[in-house]
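Heads up: the structure comes next, in structure tokens.
Keep in mind that the numbers below use all heavy atoms, side chains included, and drop hydrogens, waters and symmetry copies. None of the values given here were measured: they were computed from a predicted structure.
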Amino acid sequence: MIRRVALLAATLLLVPAPAGATTSATTACTDVAASVATAPLKFGGTRIGTIHLKRDTCYRYWGYLKLNEPLDTDSRATAGLVWQNEFGPQPGITCNSPGGNGFITTGQTSCYTRRISRDDGIFTFQAFAHEDFQNLGEGPWVVVAQGKTVQVSVEGR
């Protein structure tokens with residue numbers, strides 16, 4: 001029985017795709033991502049991390065924050081992404097938005113937002129980041145470091 005299943009699987013691999021069909025190998029996006037813009041995240045005058053505006057081969061964009069050292073207790077940090085299209089500014093997202101991997105918390109060093117696919121037309125993307133502190137885990141979060149990349153305009157592919 002196992003030989004029959006293996007033979008059937010091998011036979012199916014040899015059957016050519018119909019004319020005009022595309023395979024996932026030709027349409028898949030690679031996770032090899034270029035940083036199209038970067039900026040420092042600074043606390044006072046000290047660089048504590050780097051904010052990245054990333055793009056993959058399918059022209060999807062996202063924000064990414066890489067801290068130089070793991071975060072201490074009572075701190076959190078996040079990257080974010082804002083964009084604009086022909087309808088004007090669109091709502092921003094952060095690492096804590098659906099599709100992101102959550103805030104950077106104690107002991108962690110990086111986070112990313114979900115990827116935003118741009119359609120034909122002009123879009124402007126910008127990544128931002130901030131680190132927040134909460135005294136003894138109580139009270140409001142206070143921004144202690146922030147930064148943003150330059151805006152990047154993207155025309156249709």
Q. Could you give all pairs that pass the salt bridge (charged side-chain N to carboxylate O under 4.0 Å, His left out) test and reach residues 127-136, with sequence neighbours left out?
A. Arg76-Asp132

(Q) Check for me, please, whether Leu67 and Ile51 land in the same ILVMFWY cluster - side-chain distances under 4.5 Å, paths through other members count. (A) yes

Q | Check: Gly137 main-chain N/O paired with Asp74 side-chain donor or acceptor under 3.5 Å | A | yes

Q. Thr124 and Gln151: which non-hydrogen atoms are nearest, and at how many Å?
A. CG2-CB, 3.5 Å

Q | For the student: nearest non-hydrogen atoms of Thr106 and Asp72, plus distance | A | OG1-O, 3.6 Å

Q. Looking only at heavy atoms, what is the nearest atom pair of Cys95 and Thr113, with distance?
A. N-CG2, 3.8 Å

Q: Determine the minimum heavy-atom distance between Ile48 and Ala145, stating which atoms define it.
A: CD1-CB, 3.8 Å

Q: For residues Leu53 and Gln126, determine if any side-chain heavy atom of one lies less than 4.5 Å from a side-chain heavy atom of the other.
A: no

Q.
When you measure from the side chain of Gln90 to the backbone of Gly88, do you find a donor-acceptor pair of N or O atoms at a distance under 3.5 Å?
A. yes

Q.
Which residues end up grouped with Phe128 if you chain together Ile, Leu, Val, Met, Phe, Trp and Tyr wherever their side-chain heavy atoms are less than 4.5 Å apart?
A. Val82

Q. Please, which pairs that meet salt bridge (charged side-chain N to carboxylate O under 4.0 Å, His left out) have at least one residue in residues 42-54, sequence neighbours excluded?
A. none

Q: Quick one: pull up CZ in Phe133 and OG1 in Thr73 and give me the separation to the nearest 0.5 Å.
A: 9.5 Å

**Q.** Pair Ile93-Trp62, side-chain contact (heavy atoms from CB on, under 4.5 Å): steps then yes or no
**A.** CA-CA 9 Å; Ile93 57 173; Trp62 67 98; over 6 Å; no

Q: State, yes or no, whether a side-chain contact exists between Thr78 and His130 at a heavy-atom distance under 4.5 Å.
A: yes

**Q.** Gln108 CD to Ile104 CD1 distance, which is reported to the nearest 0.5 Å
**A.** 7.5 Å

Q: Check Cys111 against Gly102 and note the closest heavy-atom contact, atom names and distance.
A: CB-O, 3.4 Å

(Q) Between Thr109 and Lys66, does the side-chain contact (heavy atoms from CB on, under 4.5 Å) criterion hold? Intermediate values first, please. (A) CA-CA 6 Å; Thr109 59; Lys66 177 67 175 167; 3.1 Å; yes

Q. Parallel under 30°, tilted from 30 to 60°, perpendicular over 60°: which one fits the rings of Tyr61 and Phe125?
A. parallel

Q | Inter-residue atom distance Arg115.CZ - Leu81.CG, 0.5 Å rounding | A | 12.0 Å

Q: For residues Thr38 and His52, report the shortest heavy-atom separation together with the two atoms involved.
A: CG2-ND1, 3.4 Å

Q.
Once rounded to the nearest 0.5 Å, what's the spacing between atom CG of Asn85 and atom CD1 of Ile116?
A. 11.0 Å

Q) Is it true that Phe103 and Trp141 fall in one hydrophobic cluster, defined by side-chain heavy atoms closer than 4.5 Å? A) no

(Q) Rounded to the nearest 0.5 Å, what separates atom OG1 in Thr105 from atom CG in Asn96? (A) 10.0 Å

